[in-house]
> 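Have a look at this one.
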Protein chains: 2
Amino acid sequence: MTAKRSGARSKRPRPTEFQPAPEPRGEPHLSLERPLSLERPLSLERIVATAVELLDARGIDGLTMRRLADRLGSGVMSLYWHVDDKDGVFDLALDSVLEYRGSPQMNGAEDWRVEIVHMLEDWRAGMLRHPWSVPLLSSRALGPNILSRLELLGRTLSRAGVADKDLNVAIWSLWNYVMGATITRTSFDLADSDKAATQQHHAHPGERYPTIQRSRLLFDDDWVGTFRKGLDLLLAGLAPGR
Amino acid sequence: MTAKRSGARSKRPRPTEFQPAPEPRGEPHLSLERPLSLERPLSLERIVATAVELLDARGIDGLTMRRLADRLGSGVMSLYWHVDDKDGVFDLALDSVLEYRGSPQMNGAEDWRVEIVHMLEDWRAGMLRHPWSVPLLSSRALGPNILSRLELLGRTLSRAGVADKDLNVAIWSLWNYVMGATITRTSFDLADSDKAATQQHHAHPGERYPTIQRSRLLFDDDWVGTFRKGLDLLLAGLAPGR
DNA sequence: ACCTGAACACCGTTCAAGT
DNA sequence: ACCTGAACACCGTTCAAGT
């Protein structure tokens, strides 16, 4: 039977440090009904936070409505009062993980170049911290937090002197660069953990892939450095002035 | 996870050849309404081709082992003799769609810039023709056809005069750019078909996203032009010579 | 070598109902 | 307003077996 409503349930699964629920800051609307108790009552915030936890722990296939409900100490169907369906959970989890907490004082005084690099590295780091977000991001619609990042990026470029007519290309070039770099990175993490494939394709690239081998393409693990170099190059091209 | 297992199970021993192209020859248009099973014997090729067909027609969730077997006119479990598991089908389908048929005579005589642009646009077009390949590509290991594309890209860059020590950054920058641009593109296709989200976030970007609106970021549909511009910019930065 | 159905342990979601 | 179990129509895959 599935009667598991005994008292020992429904405690917080783990005290692991973990990013707070999607809306920690003083944002417009929020539930002032409930105290911040993470205990009994189901709430969108709790559902999303737990979904992220589950995704972090077990990957994209590990998120199951039943498993999620279980972790929350509720019945499966209770989730459906708060959420449309499983895709809704994916969308919410994805966007929550992409929220941008800007650095304390990023005002106009700073060098815009520093600012942009910081934004993009933060974004990339966020995705790498939750690798499941990458495929999700490429198969689901853009949420508000992602759009906010785009907006901020555009604003900064604009402030840096990029003309309106060039803004489009500038934003997308940077955006695409970050997405691409992150995908590449997670791809290779995957490849590394998949020894069979690595053996088969990466271990002896000299025979079929001499250039790849010569450039040490698959073995260079200075991802951050490479990321920065390409980014600098791009920025130089986009806003040559100053 | 690659499909070939080390045991004696696979159809083809796994030496040098991975597997031929399952994509339909002739014009890329194919009928989605395929009559079932005119050819009797199951084969890896047939399985992969049908999987691609199914993915094209019904998306990533539409591929089901049962459905696949059904289309092939076989029992579900018959598939498992040719293929490890469902992930194996995904890997095979993905790689098959990314095969590069170089243009007839792409020899050294051509301008390398033309060559590279052609390669990358072909790659991008291939992914857009099979949108399910994008999230798959960002969550699965790189297959041989993808590595071949990388190799060719590196070789061409090298021939164009890029020094070995710069090859790494050059390859990844271009690669990442294409991946990112393609993801962005498919994201917006999704957003367009998702009217609720579009209504909510894209229809009134002026209020919360003034810069995005000003740059007409979300409404510009000259994807090809934008793609080309960013690419030219990148190429100029990567190989300033000439 | 190749293919098969039955069976198992799961899924997401509808529904009618409880508080 | 919030939550629930039972039920339905699916899944992927193991197994023992057939040719």
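Chain A is the first sequence line, chain B the second, and so forth, proteins listed ahead of strands; every chain is numbered from 1. This one's a predicted model, so the numbers in the text were calculated from it and none came from an experiment.
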> Could you state the CG-C1' distance from A/D61 to C/dC11, rounded to the nearest angstrom?
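Rounding to the nearest Å, CG of A/D61 and C1' of C/dC11 are 12 Å apart.
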> Say we look at C/dC11 and D/dA6: how far apart would their C1' atoms be, to the nearest angstrom?
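Straight-line distance between the two C1' atoms is 16 Å.
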> Tell me, with the steps shown, if B/L68 and B/K86 meet side chain to side chain contact (heavy atoms under 4.5 Å, CB included).
CA-CA 10 Å; B/L68 184 53; B/K86 196 189 179 182; over 6 Å; no
> Return the nearest nucleotide to the side chain of B/D85; candidates are C/dT13, D/dC3, D/dT13.
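Looking only at side-chain atoms, B/D85 lies closest to D/dT13.
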> Of the nucleotides C/dT13, D/dC3, C/dC3, which has the atom closest to the A/M77 side chain?
C/dT13
> Rounded to the nearest angstrom, tell me the gap between atom CD1 in B/I47 and atom P in C/dC3.
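After rounding, the gap between these two atoms is 8 Å.
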> Applying the side chain to side chain contact (heavy atoms under 4.5 Å, CB included) test to A/V178, which of A/R149, A/M119, A/R124 qualifies?
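Going through the options one by one, the only one that passes is A/R124.
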> Using the closest heavy atom to pick a nucleotide of DNA chain D for each, name whichever of A/S78 or A/R66 lands nearer the 5' end.
A/S78
> Among D/dC3, C/dC3, D/dC11, which nucleotide sits nearest the side chain of B/R67?
D/dC11
> When the distance from CE of B/M65 to P of C/dT4 is rounded to whole Å, what number comes out?
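Going from CE in B/M65 over to P in C/dT4 covers 13 Å.
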> Which nucleotide, D/dC3, C/dA7, C/dT13, lies nearest any side-chain atom of A/H82?
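In terms of side-chain proximity for A/H82, the closest of D/dC3, C/dA7, C/dT13 is D/dC3.
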> Would you tell me if any nitrogen or oxygen in the side chain of B/S74 comes within less than 4.0 Å of OP1 or OP2 on C/dC3?
no
> Let me know the distance between CG of A/D70 and P of C/dC10, rounded to the nearest Å.
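To the nearest whole Å, that distance equals 12 Å.
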> Main chain of B/L128, side chain of B/R185: is a donor-acceptor contact present, judged purely on distance under 3.5 Å?
no
> How many whole angstroms separate atom OH of B/Y80 from atom P of C/dG5?
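Checked: the OH to P distance equals 15 Å.
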> Which comes earlier along DNA chain D counting from the 5' end, the contact point of A/V76 or that of A/W81, where each point is its nearest nucleotide?
A/W81
> Taking atom C1' in both D/dA17 and C/dC2, what distance in whole Å separates the two?
13 Å
> Look only at the side chain of B/E151 and the backbone of A/R208, and say whether a donor-acceptor pair between them is shorter than 3.5 Å.
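Side chain of B/E151 to backbone of A/R208: no pair is present.
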> Find the distance B/K86:NZ to C/dC11:P and express it as a whole number of Å.
14 Å
> Step by step, work out the side chain to side chain contact (heavy atoms under 4.5 Å, CB included) result for B/I146 and B/Y100.
CA-CA 8 Å; B/I146 314 179; B/Y100 185 55; over 6 Å; no
> Give each stem of DNA chain D as a range with a range, requiring at least 3 consecutive Watson-Crick or G-U wobble pairs whose two distances are under 3.5 Å.
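Stems for DNA chain D, defined as runs of 3 or more consecutive pairs: C:4-8 with D:12-16, C:12-16 with D:4-8.
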> Looking at B/D70 and B/R66, would you say the former's side chain and the latter's main chain have a donor-acceptor pair under 3.5 Å?
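No; zero donor-acceptor contacts below 3.5 Å.
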> In this structure, how many angstroms lie between the P atom of D/dC2 and the CG atom of A/L72, rounded?
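Distance check: A/L72 CG to D/dC2 P gives 16 Å.
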> Show the numbers, then the answer: is there a side chain to side chain contact (heavy atoms under 4.5 Å, CB included) between A/N145 and A/S96?
CA-CA 7 Å; A/N145 280 330; A/S96 91; 5.6 Å; no
> In whole angstrom, what separates B/I60's CD1 from D/dG12's P?
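Going from CD1 in B/I60 over to P in D/dG12 covers 13 Å.
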